[in-house]
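Have a look at the structure below, then the notes.
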Amino acid sequence: MHVVFGSILLVHGFAHLAGFVVPWRILRLEEMPYKTTILGGAVDLGDVGIRLMGGLWLATSIAFVVVAIGAFTGAFWWFPIAFIVTTVSLFMTFAGWPDSWIGAVVNVVLLVALGVAAYLGWRTT
């Protein structure tokens, strides 16, 4: 089961890269135009602030990849860290709303799946 979770975490981690490359103007994505606002346009962070937010997206991306590697290798720590990283990711998707609504759905599904796995005892390696 940890291979399934690892795969999902890995893909989700790569998806987080969009939150980094757009604010840093590394790539232009038609689906995600450059903007300096969060929370549906309610808060304007400016160029520096949105780059800091992009850095958080990158950090979360890296964290998902590390947790995925932990899941693939059966490391004892991957499961509780997956809960933490996914929860952080969920809050970040709220900040990126509405552009990140798909990520919010994925995070909720992941949290439910992790909860069910813990309840059923599937979290062992």
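These figures come from a predicted structure and were not determined experimentally.
Taking 4.5 Å as the limit, every side-chain heavy atom of T37 sits out of range of all side-chain heavy atoms of V43. No side-chain heavy atom of E31 sits less than 4.5 Å from a side-chain heavy atom of V22. F72 is listed as a side-chain neighbour of S7, based on a closest heavy-atom distance under 4.5 Å. The closest side-chain heavy-atom distance from T93 to L90 is below 4.5 Å. Looking only at side-chain heavy atoms (C-beta outward), F5 and L110 come within less than 4.5 Å of each other. Between L10 and F64, every side-chain heavy-atom pair lies at or beyond the 4.5 Å cut-off. The closest side-chain heavy-atom distance from L9 to T86 is below 4.5 Å. Put simply, the side chain of L56 reaches to within 4.5 Å of the side chain of M53, judged on heavy atoms.
Residues L58 and V11 fall into different hydrophobic clusters, defined by Ile, Leu, Val, Met, Phe, Trp and Tyr side chains chained together at heavy-atom separations under 4.5 Å. Linking Ile, Leu, Val, Met, Phe, Trp and Tyr whenever their side-chain heavy atoms come within less than 4.5 Å leaves F20 and V48 in two separate clusters.
Atom CZ of F91 sits in a sparse spot, with 12 or fewer heavy atoms from other residues, nucleotides or ligands closer than 6.0 Å.
Taking OG1 of T73 as the start and NE2 of H2 as the end, the distance is 8.0 Å to the nearest 0.5 Å. With rounding to the nearest 0.5 angstrom, the CD1 atom of I38 is 12.0 Å from the CG atom of D99.
Of the candidates L39, I50, L52, L45 forms a side chain to side chain contact (heavy atoms under 4.5 Å, CB included) with just one, namely I50.
The minimum heavy-atom distance linking M32 with G19 is given by the pair CE-CA, 3.8 Å. Heavy-atom minimum distance, A71 versus G6: CB-CA, 3.8 Å. In terms of heavy atoms, S89 sits closest to H12 at OG-NE2, 3.4 Å. The shortest heavy-atom contact between I81 and W77 is CG1-O, 3.1 Å. The nearest pair of heavy atoms linking L114 to F79 is O-CZ, 3.2 Å. When all heavy atoms of P23 and A18 are compared, the pair lying nearest together is CD-O, 4.0 Å.
No side-chain donor-acceptor contact under 3.5 Å links W78 to the backbone of A68.
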